[in-house]
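A short write-up of the structure that comes next.
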Amino acid sequence: MQQVVSIHGGALAGCAAALAALRAGAGAVRVFEKSRFPRHKVCGEFLSNGVEAVLRNLSLWDGFQSLAPAPISRIALHFPRKSSHLELPKPCWGISRFALDVWLMRQAITAGVEWRTEPAPRADGPTVLAFGRKDTASKGHRTFGFKAHHRGTISDSIELFFFDGCYVGVNPAENGITNVCGLGPESVLKAHGFDYDALCRRSPALAERLQSLTRHMDWLSVGPLVYGNRFHSPGEGSVYPAGDALGFVDPFTGTGMLNALLSGALAGRAAATGNPVDAYLRECRSLLHRPFLVSSVFRAAMRSGLGERAAGYVPASLLFRLTRAHLG
Ligand SMILES: Cc1cc2nc3c(=O)[nH]c(=O)nc-3n(C[C@H](O)[C@H](O)[C@H](O)COP(=O)(O)OP(=O)(O)OC[C@H]3O[C@@H](n4cnc5c(N)ncnc54)[C@H](O)[C@@H]3O)c2cc1C
């Protein structure tokens with residue numbers, strides 16, 4: 001019997017799930033998305049290079065290229081005492097969530113998905129949970145993210161600046177946008193009155209990088225951010241968590257969007273074909289366990305004073321490789 005698949009949340013994981021479910025033969029696919037698109041979203045907007053395979057599988061690669069994402073061919077990690085550089089063998093991509101999410105929604109609707117702009121109901125039948133992060137954290141130990149688009153000199157690199165327990169990424173997106181996005185502990189952000197321009201000036205290297213850029217939107221912020229995953233959760237009926245609802249990986253890895261598209265596509269296919277939730281979770285664990293593990297070790301090292309010094313000696317190429325999904 002052809003399944004009717006419901007998807008809760010219509011961003012990256014939700015749209016990938018919807019399209020994969022249709023391709024796998026679902027009788028009907030219904031997406032519930034509470035927000036109206038397009039909208040800005042706090043995100044570094046750096047898409048890792050494994051995305052090509054995922055988008056090709058969904059027949060979305062050519063369409064994605066027509067959005068003119070900015071190619072990113074170099075990575076620089078700046079620690080207080082040392083910098084580490086990497087030339088990428090295959091480009092990564094910079095694309096705003098303002099452009100990407102609405103484009104994915106249109107692809108889903110064109111393919112025949114029923115799109116409902118409303119909060120998701122209770123799960124009933126095969127359901128993909130793609131509603132993003134839901135965890136909360138106690139006051140005082142919270143981490144918040146922030147971002148704003150800038151304009152000015154365009155570069156083909158992503159630069160990450162680590163300082164004062166925070167980090168800020170600067171990378172290009174489409175149409176000459178440069179995205180500046182970071183995160184930090186509540187205590188540090190509060191000490192600067194949540195003034196993100198002032199915070200960025202705390203790092204001399206970042207302040208220098210921002211000199212050639214002008215901010216052209218208000219800062220947006222989001223949080224609290226809670227890291228972790230549910231790869232080991234016992235499966236509940238036919239409910240498949242995907243994207244950040246499955247696990248939120250530290251954004252410095254630049255892999256959350258890729259993981260969302262990847263797990264969303266797997267979840268949509270599993271929901272449409274009746275693949276058991278436990279088997280789906282095992283598949284996600286084997287693909288994604290490593291980036292979660294490596295990023296949590298890196299984060300713990302950075303939290304200790306020693307880590308910030310030692311991190312500059314870790315080759316960027318190794319860190320990049322170990323924080324990607326294990327795609328074989
Ligand atoms: C500061 C920061 C920087 C980041 N930088 C990067 C980066 O550079 N590169 C990268 O790859 N990743 C990055 N990420 C991670 C990336 O943003 C996420 O991993 C990605 O957005 C996950 O996609 P998703 O579809 O699972 O969830 P989301 O993008 O959060 O989408 C969830 C959707 O569900 C909807 N929704 C929620 N609740 C309901 C409900 N009850 N009913 C209906 N709809 C609902 C929401 O409106 C939303 O549209 C960053 C994250 C943060 C916080």
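Heavy atoms only: backbone and side chains are in, while hydrogens, waters and symmetry mates are out. In each ligand, atom 1 is the first atom listed, and ligand 1 is the first ligand listed. These numbers were taken from a predicted model, which means no experiment stands behind them.
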Q | ligand 1 N/O within reach of K41 N/O, cut-off under 3.5 Å | A |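 Yes, since at least one N or O of K41 sits under 3.5 Å from an N or O of ligand 1.
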Q. Hey, is ligand 1 close enough to L12 that some N/O pair sits below 3.5 Å?
A.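 For ligand 1, there is an N or O atom that lies under 3.5 Å from one belonging to L12.
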Q. Is it true that a side-chain atom of S155 and a backbone atom of S157 form a donor plus acceptor pair closer than 3.5 Å?
A.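 Yes, S155 side chain to S157 backbone: donor-acceptor pair under 3.5 Å.
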Q | Whether S296 side chain and L293 backbone form a donor-acceptor pair below 3.5 Å | A |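 Answer holds: yes.
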Heavy-atom distances under 4.0 Å decide this one: backbone, side chain, both or neither, for [X] against ligand 1?
| X | answer |
| --- | --- |
| R133 | neither |
| T255 | backbone |
| R116 | neither |
| A245 | neither |
| M105 | neither |
| F32 | backbone |

Which of the numbered atoms in ligand 1 are below 4.0 angstrom from a heavy atom of [X]?
| X | result |
| --- | --- |
| S35 | 47 (O) |
| A260 | 22 (C), 23 (O), 26 (O) |
| A13 | 25 (O), 26 (O) |
| A130 | 32 (C), 33 (C), 34 (O) |
| R39 | 49 (O) |

**Q.** Chi angles and distances behind the side chain to side chain contact (heavy atoms under 4.5 Å, CB included) call for T127, Y240
**A.** CA-CA 6 Å; T127 303; Y240 302 80; over 6 Å; no
Check ion pair [X]-[Y] (N to O, under 4.0 angstrom):
| X | Y | result |
| --- | --- | --- |
| D197 | R215 | yes |
| R285 | E283 | no |
| D244 | K134 | no |
| R209 | E159 | yes |

Q: Answer with yes or no whether the side chains of R324 and S48 bring together a donor and an acceptor at under 3.5 Å.
A: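 Yes.
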Q: Would you name the heavy atoms of L319 and T323 that are closest together and state the gap between them?
A: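 In this case the closest contact between L319 and T323 is O-OG1, 2.7 Å.
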Would you mind checking which non-hydrogen protein atom is closest to [atom], with the distance to 0.1 Å?
| atom | result |
| --- | --- |
| atom 47 (O) of ligand 1 | E33 OE2, 2.6 Å |
| atom 13 (C) of ligand 1 | C43 SG, 3.7 Å |
| atom 31 (O) of ligand 1 | A11 CB, 3.1 Å |

